[in-house]
2 protein chains.
Amino acid sequence: MDFLSGLELMIDSYQGKEQSFGVNLNLAIVRLSCEEGCVKVIEMARRLGVTADTVRFYTRIKILKPGKNKTNGYREYSESDYNRLRFALSARQLGFSVEDIQEILNHADKKKSPCPTVRRLIEHRLNETEQRFAETQQLRERMQQAAIEWSQKPDKVPTGDMICHLIEEFAQ
Amino acid sequence: MDFLSGLELMIDSYQGKEQSFGVNLNLAIVRLSCEEGCVKVIEMARRLGVTADTVRFYTRIKILKPGKNKTNGYREYSESDYNRLRFALSARQLGFSVEDIQEILNHADKKKSPCPTVRRLIEHRLNETEQRFAETQQLRERMQQAAIEWSQKPDKVPTGDMICHLIEEFAQ
DNA sequence: TTACACCTGTGTCCAAGACACAGGTCAAGA
DNA sequence: TCTTGACCTGTGTCTTGGACACAGGTGTAA
């Protein structure tokens, strides 16, 4: 039984008499709780290897819901925020969009398995990625081929209907 | 000697006496000249196999400089516009950015060879494309691998620190 | 006249951050 | 105490190449 749990038990045992203590004990719990697991922006970013702007971005779109320091107004990111951002970054690495991530987190927030949604979304995003991969591959080949052909061609000045013969004479 | 050239010669030979004709002959030249080679947005788009919005986009960024019909205010795209857009579309197909294209056209407009610029730019864009290709390839492989692994895994409900085990347990 | 296709200039949207701005807070050093 | 620089906030803007939206004008067949 750690200190916080013991403190909570003390609070509970004084339930009917909490007015004797005012709100000071509750504040103590909040303060201790944040010192145990709450961090500011840069620390959060450091722990997950991203920029502070990325942390702020996910806060802005409400994937992260930090508390607020009453003294200076700074945000305080909890362990839960840490887990959520770690999850979001993993999902981004796997090609899920930010909106996908919000949908998955909604399921999890309701204590429902997000797995069926995740399976559906990965199929969809994988198809998109396959297409983008094919397009980029074709473009890469075109550009490589053009560079090779152009190395054998002279520079020319534009004519009335030809702006750049390199580009306009490229066969594809 | 075609009809328009003959008409221009007639105009020139009446140079000192054009007031006898008013502006009617000049309008006739403009009108005929546009009928010979000027088209409206949709026709321009149709001839190049793009959308009218694409034509309007390139007009907006001043790659195309259409005339204007005095009667109804509609744009009239010349043969030169046609050549420029055809060029721009070819360059886009080769991975040049719109800004690249504007730079190349500036050279051509000054009657200078754009070829050195084109060679420099294709190198740059090819490097970018190679990188994008590599990234997309890696993403594609990750996603494919994830889909395979997940097909052998059960659905699970989130826990306190795990939102979706599929995503979070994916090894990479 | 009506209806519909076409036209214009201008503004906004798209994605996932990165950057900008004006102003507040913190803490070490002089 | 003051200064300075790092850090913080909320909010706005930017990035790219089109696609879309909007309010209003034009053309033409029925």
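As the structure is a prediction and not an experimental result, all values here were calculated from the model. Numbers restart at 1 for each chain; the letters A, B, ... are given by sequence-line order, proteins then strands.
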* Rounded to whole angstroms, how far apart are CG on L85(A) and C1' on dA16(C)? -> 13 Å
* To do: Whole angstrom is fine here: how far is it from CZ in F57(A) over to P in dG17(C)?
  => 6 Å
* Structure fact -> First and last nt of DNA chain D near chain B, cut-off under 4.0 Å to heavy atoms, 5' to 3', are dG17(D) to dG27(D)
* Per-nucleotide protein contact string for nucleotides 1-6 of chain C (B base, S sugar-phosphate only, - none; heavy atom under 4.0 Å) -> -----B
* To do: Please figure out whether N72(A) or E99(A) has its closest DNA chain C nucleotide nearer the 5' end.
  => E99(A)
* Looking just at side-chain N and O atoms, do N83(B) and S80(B) make a donor-acceptor pair shorter than 3.5 Å? -> no
* To do: Specify the separation, in whole Å, of atom CZ of R92(A) and atom C1' of dA15(C).
  => 8 Å
* By salt bridge (charged side-chain N to carboxylate O under 4.0 Å, His left out) - contacts of E130(B) (at least two apart) -> R140(A)
* Scan residues 150-163 of chain B for pairs that pass side chain to side chain donor-acceptor pair (under 3.5 Å), counting only residues two or more places apart or in two chains. => R119(A)-D155(B), K153(B)-E169(B), T159(B)-D161(B)
* Let me know the distance between CZ of F96(A) and C1' of dA15(C), rounded to the nearest Å. => 17 Å
* To do: Indicate, yes or no, whether a donor-acceptor pair under 3.5 Å links the base of dG11(C) to the side chain of R60(B).
  => yes
* Using a cut-off of 4.0 Å on non-hydrogen atoms, how would the nucleic acid contact of D53(B) be classed: base, sugar-phosphate, or nothing? -> base
* To do: Give a yes or no on whether L166(A) and L89(B) share a hydrophobic cluster (residues Ile, Leu, Val, Met, Phe, Trp, Tyr; joining criterion: side-chain heavy atoms under 4.5 Å apart).
  => yes
* Please go through F133(B)'s hydrophobic cluster and name the other residues, only I, L, V, M, F, W, Y counting, with side-chain heavy atoms under 4.5 Å joining them. => F133(A)
* N/O donor-acceptor pair under 3.5 Å between R132(A) side chain and T136(A) backbone -> no
* Between I167(B) and I104(A), is any pair of side-chain heavy atoms under 4.5 Å apart? -> yes
* Structure fact -> Quick note, side chain to side chain donor-acceptor pair (under 3.5 Å) partners involving residues 56-65 of chain A, not counting sequence neighbours, are T59(A)-Y77(A)
